[in-house]
Amino acid sequence: MNKYRTHNCNELRKKNVGNKVILSGWINKKRDHGNLLFIDLRDNYGITQCIIDKENTSFESLEKTQLETVIKIEGDVIDRSKDTVNKEIDTGEIEVSIKNFKVLGTCKELPLPVFSDQEYSEEIRLRYRFLDLRRKKIHENIILRSKVISFIRNEMNNLGFLEYQTPILTSSSPEGARDFLVPSRLNPGKFYALPQAPQQFKQLVMVSGFDKYFQIAPCFRDEDARADRSPGEFYQLDLEMSFVEQEDIFNVIEALFVKTFKKFSSKKLVSNKFPRISYKESLLKYGTDKPDLRNPLIIHEVTEIFSREDVSFDIFKKLIKSGCNVRCIVTKNTKDKPRSFFDGIDKWAKDQGSSGMAYFTLENEREITANGPIGKFFSRESLKDIMKKTGAKVGDSIFFACNKKEELEKITSLARTKIANELKLISENTFAFCWIVDYPMFEKDSLTNEIKFSHNPFSMPQGNIDDLNFNEPLDILAYQYDIVCNGIELSSGAIRNHIPELMYKLFSIVGYQKKEVDQKFSGMINALSYGAPPHGGIAPGIDRIVMLLANEKNIREVTMFPMNQNAEDLMMNAPSVVNEEQLKELNLTLKIKK
RNA sequence: GGGGGUGUAGCUCAGUUGGUUAGAGCGAUCGCCUGUCACGCGAUAGGUCGAGGGUUCGAGUCCCUUCACUCCCGCCA
């Protein structure tokens, strides 16, 4: 028999009454009645109430034992009278009468209470992460994460994928995020880089003929953090398949996600088949390439209307002449909303740094009219035109914004969210997935005006390769796609370009000579020259999937030992200075700016 | 690199227009209490008001600088 426990703290039930048991765990809570002491003993599995009274010789020392001390108790399982049953816990029908106890691990005065619903500063949580992790909510989140990952592994196996490890110490890549570098002792002056993703390796796995690869892969990027983005490191469900088209990848992910999200959340999926939305359409209708489809509001392009002669809204007319567009958002049945609602949106838009949002409400007083600050500028005919273009009906209101395209997308996207929140149009109890497809291969850098890859340079361009018009690179679309859920980008993916000649061609458009491509991507290009299968894949972020399932807004809530915003581990004191010896061995000298 | 928020007891927070000795709950320590499950009651200890500088007769409160944490922009092919 194990000397620490016969049962865990969530195991004992009515049928165990009369058993002699041994339990070990943390003192979660004490309720001291002077001559009678209740102890909630907690372990990973749950809580068991233990009880001891003054008659027992251990009483006094147990009474003085700190919360969060680890103890072992021996005792008898006893029945609870009906009026003392605790329905909140699984073991609530019984309790353990303590015969004797032993301290297994003492506990100093706590820097933060473990048994409490209070919120604490991030600093103290991260410094004492091992205490923070004992708390119920985050403890359960971490267990959920584990279960989700093992479920995904299992499903991937079922779908015919095999898991392969790829190197952690690899070479620095010229494109993309900043690399974390690791100095090489054996090769003075040279550095390894930690992989930003196993992108090139998984393609090499395909070239090696393994057909279906996946990995729960750690990825390292030296970029600044956000609430939904860990600094430094995160995990992807990295996968790649040979001899596939875009739809084959979609089918795998849809099958996997539908199963996973149904299993681990009670929220409803809007549909099992995720809608495909082109990048262009998404920017127009939602102002972003990660639309929250729970939000029913849609953005309409209405520049034309403001150019009509019977519309006299001169401010917009002037802006349009200088290259601006007008887009609008229709809100259903808002004619009775107070003036403060409309002005609030306008003021909010101005606070966002835009020129605000003009609005009116459509009413029918013998004929169609537009009520609101800019209503008077519109003829009856122009209003009918607007209604036709936007689907707006009498009783609806319309918010207009006018700006240069990029600014316009930004503000209408934010406004779409803002207005929907104000009108409570977003259902918290659903997952709305979608695919964003048909990303452009290239884009123009807004600062330098140079052509650059808009996403992954290794993506396959769409269309017949022989017919591609390389003179109009901005028109070339790629088999490049994102999957988005509730406005959160879970992943990008692509069908890869496995044809070296085509790759040289595409790189030449952004100004790379063949030689440079050979140099910078030697491993890839070389491999693709020896019989590469058509292949493609995707890499959904594990942390964000778990965030959605756990209903958390911050990635630290689903990460066991996260770093803070400055990419420091306050508990382990990383990063830290190293001694001269270590530096010397690595042929490094430090030059630190003061 | 830039912008916003926060910083007062071990923890969570209050602190009025700048005005006497900076408070509460939880926790800690001590005492009382045999059916609690956020047990109850009483007492005690615990403070560089993040730090530095300034204005003022007087600063937790106003100003400047700085640090820490956090959210956002940039960045994240």
Side-chain angles (χ1 to χ4, degrees), chain A residues 28-42 47-56 59 63-64 66-68 78 80-89 91-92 95 97 107-128 131-132 135 173-179 196-197 199-200 219-234 351-353 410 414 439 441-443 445-447 452-459 478 480 482 489 492-494 507 510 520-521 539 541 553-554 556 563-566 568 570:
Chain A
N28 192 58
K29 192 75 189 163
K30 285 192 296 191
R31 288 173 296 281
D32 189 352
H33 290 236
N35 294 315
L36 178 72
L37 171 66
F38 295 97
I39 294 215
D40 287 341
L41 197 66
R42 182 195 75 238
I47 284 177
T48 303
Q49 173 166 286
C50 306
I51 185 167
I52 187 167
D53 72 18
K54 191 154 106 184
E55 306 301 307
N56 193 305
F59 181 81
E63 200 181 22
K64 289 194 167 35
Q66 279 258 8
L67 294 184
E68 293 304 309
I78 57 176
R80 287 207 211 182
S81 67
K82 242 185 203 152
D83 51 327
T84 62
V85 163
N86 182 356
K87 284 178 184 142
E88 303 293 313
I89 56 176
T91 60
E95 59 197 4
S97 169
C107 180
K108 296 200 286 190
E109 188 176 341
L110 294 165
L112 62 90
V114 171
F115 177 68
S116 165
D117 291 330
Q118 273 178 23
E119 304 271 348
Y120 315 103
S121 74
E122 285 293 322
E123 189 175 4
I124 207 115
R125 291 185 62 190
L126 294 181
R127 199 175 293 282
Y128 295 95
L131 290 178
D132 191 35
R135 296 165 64 218
S173 62
E175 303 272 324
R178 262 179 231 109
D179 283 320
Q196 295 175 24
Q199 179 63 39
Q200 295 198 44
C219 304
F220 306 90
R221 293 176 194 176
D222 189 4
E223 297 295 350
D224 290 350
R226 289 287 182 276
D228 63 351
R229 204 166 79 200
S230 295
E233 54 186 78
F234 60 98
D351 290 343
Q352 297 300 308
K410 198 171 139 197
L414 289 170
Y439 276 83
M441 190 84 212
F442 300 99
E443 66 187 14
D445 191 308
S446 53
L447 289 177
K452 58 177 195 181
F453 285 112
S454 69
H455 281 78
N456 188 328
F458 303 118
S459 298
Q480 164 89 39
D482 276 13
E489 181 193 323
S492 289
F507 268 98
V510 300
K520 286 179 169 155
F521 306 102
K553 293 221 161 26
N554 193 298
R556 288 187 297 273
M563 297 198 281
N564 69 9
Q565 195 157 49
N566 294 327
E568 295 165 316
L570 298 176

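Worth knowing before you read on, the calculation uses all heavy atoms, side chains too, and leaves out hydrogens, waters and symmetry mates. To find a chain, count down the sequence lines: A is the first, B the second, and so on, and within it residues start at 1.
At a cut-off of 3.5 angstrom, the base of C69(B) holds no donor-acceptor pair with the side chain of Arg125(A). Side-chain to base pairing of Asp224(A) with G74(B): one donor and one acceptor N or O lie within less than 3.5 Å of each other. For Arg221(A) against C76(B), a side-chain-to-base donor-acceptor contact under 3.5 Å is absent. Arg80(A) contributes a side-chain N or O that forms a donor-acceptor pair with the base of C37(B) under 3.5 Å.
At a threshold of 4.0 angstrom between heavy atoms, the contacts of Asp179(A) with the nucleic acid are absent. At the heavy-atom level, Glu123(A) lies under 4.0 Å from the strands shown only through sugar-phosphate atoms. Glu122(A) comes within 4.0 angstrom of the backbone, heavy atoms only, and of no base. Among the heavy atoms of the strands lying under 4.0 Å from Gln199(A) is at least one base atom, whether or not backbone atoms are also near. Residue-level contact check: Pro111(A) touches the backbone only, with heavy atoms under 4.0 Å from sugar-phosphate atoms and none from bases. Leu37(A) comes within 4.0 angstrom of nothing in the nucleic acid, heavy atoms only. Using a 4.0 Å heavy-atom distance criterion, Glu95(A) is classed as a base contact. In this structure, Asp117(A) reaches neither bases nor backbone, as no heavy-atom distance under 4.0 Å exists between it and the strands shown.
C26(B) sits 15 Å from U44(B) when the P atoms are compared, rounded to a whole Å. Using atom P as the reference point in both U6(B) and G50(B), the two lie 13 Å apart (nearest Å). Taking atom P on both nucleotides, G74(B) is separated from C69(B) by 23 Å, rounded to a whole Å. With both ends at atom C1', the span from C49(B) to C39(B) equals 34 Å, rounded to whole Å. Comparing C11(B) with G19(B), their P atoms sit 27 Å apart, to the nearest whole Å. Nucleotides U66(B) and G4(B) are separated by 13 Å at their P atoms, to the nearest Å. Remark: the separation of the C1' atoms in C76(B) and C37(B) is 48 Å, to the nearest Å. For the P atoms, the distance from U56(B) to C63(B) is 16 Å, rounded to whole Å.
The number of heavy atoms from other shown groups lying within 6.0 Å of OH (Tyr128(A)) does not exceed 12.
For an aromatic pair to be called close, the ring centres must be under 6.0 Å apart, and Phe220(A) with Phe234(A) fails this.
Here C69(B) is the nucleotide among C75(B), C69(B), U12(B) with the atom lying nearest to any side-chain atom of Asn564(A). Of the candidate nucleotides C37(B), U36(B), C72(B), C72(B) has the atom lying nearest to any side-chain atom of Arg226(A). Closest to the Tyr120(A) side chain, of the nucleotides U29(B), C75(B), U12(B), is U12(B). Comparing C71(B), U12(B), G74(B) against the side chain of Ala227(A) picks out C71(B) as the nearest. Comparing A38(B), C69(B), U36(B) by their closest approach to the side chain of Lys29(A) singles out A38(B). Nearest nucleotide to the Thr84(A) side chain, out of A28(B), G35(B), C30(B): G35(B). Listed nucleotides: G74(B), G10(B), C76(B). Nearest to the side chain of Glu109(A): G10(B).
Stacking is not found between His33(A) and the pyrimidine-like six-membered ring of the U36(B) base under the 5.5 Å centre-distance and 30° plane-angle cut-offs.
Distances shorter than 4.0 Å separate none of the side-chain N or O atoms of Asn28(A) from OP1 or OP2 on C37(B). An OP1 or OP2 oxygen of C13(B) is reached within less than 4.0 angstrom by no side-chain nitrogen or oxygen of Gln118(A). Residue Asn566(A) places at least one side-chain N or O closer than 4.0 Å to OP1 or OP2 of C69(B).
Lys54(A) and Glu63(A) are not joined by a salt bridge, as no carboxylate oxygen comes within less than 4.0 angstrom of a charged side-chain nitrogen. A salt bridge between Asp40(A) and Arg31(A) is present, with a side-chain N of the basic residue lying under 4.0 Å from a carboxylate O of the acidic one.
Rounding to whole angstrom units, CZ of residue Arg229(A) and P of C71(B) are separated by 12 Å. Residue Asp222(A) contributes atom CG, which lies 18 Å from atom P of G74(B) at whole-angstrom precision. The distance from atom CZ of Arg31(A) to atom P of C41(B) is 16 Å, rounded to the nearest whole Å. If you take CD1 of Ile52(A) and P of G35(B), they are 17 Å apart, rounded to a whole angstrom. Summarising the geometry, the separation between CD on Glu233(A) and P on C76(B) is reported as 20 Å, rounded to the nearest angstrom. Residue Leu414(A) contributes atom CG, which lies 13 Å from atom P of C72(B) at whole-angstrom precision. One atom, CG of Leu67(A), and another, P of A38(B), lie 14 Å apart when rounded to the nearest Å. Taking atom CG of residue Leu112(A) and atom P of nucleotide A28(B), one finds them 13 Å apart after rounding to whole Å.
Base pairing of C69(B): its partner is G5(B), meeting the Watson-Crick or G-U wobble criterion (both donor-acceptor distances under 3.5 Å). In this structure, G35(B) forms no base pair with any nucleotide, since neither Watson-Crick nor G-U wobble geometry is met with both distances under 3.5 Å. In this structure, A24(B) and U12(B) make a Watson-Crick or G-U wobble pair, each of the two defining distances being under 3.5 angstrom.
Mapping Glu88(A) and Leu110(A) onto RNA chain B by nearest heavy atom places Leu110(A) at the nucleotide closer to the 5' end. The nearest heavy atom of RNA chain B to Ile51(A) and to Ile124(A) marks one nucleotide each, and the one closer to the 5' end goes with Ile124(A).
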Discussion item. Run the side-chain contact (heavy atoms from CB on, under 4.5 Å) test on Phe521(A) and Gln200(A) for me, step by step, so that the C-alpha distance in whole Å, both residues' side-chain angles and the decisive distance to 0.1 Å come before the verdict.
Written reply: CA-CA 9 Å; Phe521(A) 306 102; Gln200(A) 295 198 44; 4.0 Å; yes

Practice task
Take Phe442(A) and Lys452(A) through the side-chain contact (heavy atoms from CB on, under 4.5 Å) test and state the conclusion after the steps.
Solution key: CA-CA 6 Å; Phe442(A) 300 99; Lys452(A) 58 177 195 181; over 6 Å; no

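When side chains are defined from C-beta on, Leu110(A) counts as touching Leu131(A), because their heavy atoms get closer than 4.5 Å. Using a 4.5 Å heavy-atom cutoff, the side chains of Gln480(A) and Asn456(A) are in contact.
The line from CZ of Phe38(A) to OG1 of Thr84(A) is 8.0 Å long, rounded to the nearest 0.5 Å.
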